[in-house]
Amino acid sequence: MAMIFLQKFLTILGMRKETSGHASQMIAEEFYLCMKLAFLLKEGENVIFDDVRNFTTSYLKEYVKENKDQYLSTVVSHELELPRYWRMPRLEARWFIDVYETRPDMNSIVLELAKLDFNMVQAMHQEDMKSTSRNWKKMGLGHQLSSFARDSWMMSFFWAMGMTSEPQYGHCRTMSGIVNALITSMDDVYNVYGTVEELEILTEAIDRWDVNKIDQLPHYMKIFFLALYNFVNELGFDAIKEHAVDTIPYLKKSRADLCKNYLLEAKWYKDG
């Protein structure tokens, strides 16, 4: 990637020299592509090409001020604000559809297909969101822990959609949304409501994955533990059934490790 970036930059400099440094649209487009490549550089390569990226950015900012091409200026300004690769793909797609519509050489067929694709994928995401909502409400944590914990399934699903927006990953979005919501509830149990003594018992129960341990826990922690226990086992069962892979040991360990870290944080907070 570094070599591609460097070759692209040197080519643009040659073009710029031939045009006496004037900010032509073609050169601006090439610099724009160069800037996008810069955000794909690996760690360590960034330092080497800092000056090149800064030069490219300065050039494009100047081009935007002159506003010789409204479409290109809009796209470049958007990229300078926050690189495309750091944005949520579907939100970026929706934004770009509106911008592309203003492009002088816009292809109406491509635009219509883009709108159709967006609406179809959005409908799939809406169905995934309904599935996430049903599963989360069935779990009951939003209601049972409502006095102190965040009911964050919607935010969690939105996060999951940002990570895996492709249509074929509906199950992944639903499960990831619930996983994230469970982590938020866990965070509130450990950092907001539970005593250190209760949290030590809960952590041990999760570490051992032992239902018998919950007899010593208060009611709300029993609800939380069983929700987590049943969800992880269900997730593991689906993996075994669909892919013949036993993921339960890894799922248990990841939850236990997270709980141990939360417990340590709770102890730090208590000790001041």
When you measure from the centre of the six-membered ring of Y250, is the NZ or CZ of R255 under 6.0 Å away and within 45° of the axis?
-> no
Check against side chain to side chain contact (heavy atoms under 4.5 Å, CB included), H171 and S131 | CA-CA 9 Å; H171 182 69; S131 176; over 6 Å; no
Quick check: are there more than 12 heavy atoms from other residues, nucleotides or ligands sitting under 6.0 Å from CD of E200?
-> yes
Could you check if a side-chain atom of D188 sits within less than 4.5 angstrom of a side-chain atom of L145, using non-hydrogen atoms only?
-> no
Please determine, by modelled atom types, if Y190 and T203 share a side-chain donor-acceptor pair under 3.5 angstrom.
-> yes
What do you reckon, is CZ of F158 surrounded by more than 12 foreign heavy atoms closer than 6.0 Å?
-> no
Looking only at non-hydrogen atoms, find the nearest pair between C259 and I206 and report the distance.
-> SG-CD1, 3.4 Å
Interatomic distance, CE@M124 vs CG@N119, rounded to 0.5 Å, equals 11.5 Å
Are L251 and M163 in one and the same hydrophobic cluster, where Ile, Leu, Val, Met, Phe, Trp and Tyr link if side-chain heavy atoms are under 4.5 Å apart?
-> no
Drop me the distance from D128's CG to S176's OG, to the nearest 0.5 angstrom.
-> 11.0 Å
Distance from L111 atom CG to D98 atom CG, nearest 0.5 Å?
-> 9.0 Å
Could you tell me how the ring of Y71 sits relative to the ring of Y100: parallel (under 30°), tilted (30 to 60°) or perpendicular (over 60°)?
-> perpendicular
Close side-chain approach of W95 to R87, heavy-atom, < 4.5 Å | no
Could you tell me the separation between the CG atom of N180 and the OG atom of S152, rounded to the nearest 0.5 Å?
-> 8.0 Å
Minimum heavy-atom distance between M88 and G162, given as atom pair plus value | CE-CA, 3.3 Å
How far apart are the C-alpha atoms of H143 and K137, what are their side-chain angles, what is the distance that settles it, and do they pass the side chain to side chain contact (heavy atoms under 4.5 Å, CB included) test?
-> CA-CA 8 Å; H143 173 69; K137 287 180 179 178; over 6 Å; no
Distance from T184 atom OG1 to R150 atom CZ, nearest 0.5 Å?
-> 5.5 Å
Is any side-chain N of the basic residue among R173 and E127 closer than 4.0 Å to the acidic one's carboxylate O?
-> no
Start with the C-alpha distance between E166 and R90, add both sets of side-chain angles, then the distance that settles salt bridge (Lys or Arg N to Asp or Glu O under 4.0 Å), and finish with yes or no.
-> CA-CA 9 Å; E166 293 82 359; R90 296 313 295 176; over 6 Å; no
Pairwise side-chain contact, F231 with V179, heavy-atom cut-off 4.5 Å (strictly under) | yes
Using a 4.5 Å cut-off on heavy atoms from C-beta on, say whether the side chain of L182 contacts that of W136.
-> yes
I183 and Y262, any side-chain heavy atoms less than 4.5 Å apart = yes
So D207 and K253, salt bridge (Lys or Arg N to Asp or Glu O under 4.0 Å) or not? Walk me through it.
-> CA-CA 7 Å; D207 187 38; K253 186 178 185 306; over 6 Å; no
Report yes if the side chains of Y269 and N191 come closer than 4.5 Å at any heavy-atom pair, otherwise no.
-> no
Quick one: are L226 and V211 in side-chain contact, heavy atoms under 4.5 Å?
-> yes
Nearest heavy-atom approach of F225 to D210 is CZ-O, 3.8 Å
Report the distance from atom CG of L91 to atom CE of M161, rounding to the nearest 0.5 Å.
-> 6.0 Å
Applying the 4.5 Å side-chain criterion to the ILVMFWY set and letting contacts propagate, would F237 and L228 be lumped into a single cluster?
-> no
Any side-chain heavy-atom pair from Q122 and Q126 closer than 4.5 angstrom?
-> yes
Can you name the one residue among K213, Q216, K260 that meets side chain to side chain donor-acceptor pair (under 3.5 Å) with E204?
-> K213
Can you name the closest pair of heavy atoms from I109 and N107 and give their distance?
-> N-OD1, 3.0 Å
Which one of M139, H219, K222 satisfies the side-chain contact (heavy atoms from CB on, under 4.5 Å) criterion with Q144?
-> H219
What orientation do F148 and Y193 show, parallel under 30°, tilted 30 to 60°, or perpendicular over 60°?
-> parallel
Here the pair of heavy atoms bringing Q70 nearest to T74 is O-OG1, 2.8 Å
Pair L202-V189, side chain to side chain contact (heavy atoms under 4.5 Å, CB included): steps then yes or no = CA-CA 10 Å; L202 176 62; V189 166; 4.1 Å; yes
In one Ile/Leu/Val/Met/Phe/Trp/Tyr side-chain cluster, 4.5 Å: V121, F157 | no
Would you say Y169 and V245 are hydrophobically clustered, going by side-chain heavy atoms of ILVMFWY under 4.5 Å?
-> no
Evaluate the criterion side chain to side chain contact (heavy atoms under 4.5 Å, CB included) for residue pair M221 and L199; output intermediate values, then yes/no.
-> CA-CA 9 Å; M221 280 193 177; L199 295 173; 3.5 Å; yes
Are V192 and L258 connected in a single hydrophobic cluster, I mean Ile/Leu/Val/Met/Phe/Trp/Tyr linked by side-chain heavy atoms less than 4.5 Å apart?
-> yes
List for me each residue that meets ring-ring contact (aromatic ring centres under 6.0 Å, His included) alongside W159, sequence neighbours excluded, and say none if there are none.
-> none
Hydrophobic cluster partners of L116 (side-chain heavy atoms under 4.5 Å) = M120
Charged N to carboxylate O under 4.0 angstrom, K270 versus E197?
-> yes
Over all heavy atoms of both residues, which pair between I248 and G236 is shortest? Give the atoms and the distance, please.
-> CG1-CA, 3.5 Å
N135 and W153: side chain donor to acceptor below 3.5 Å = no
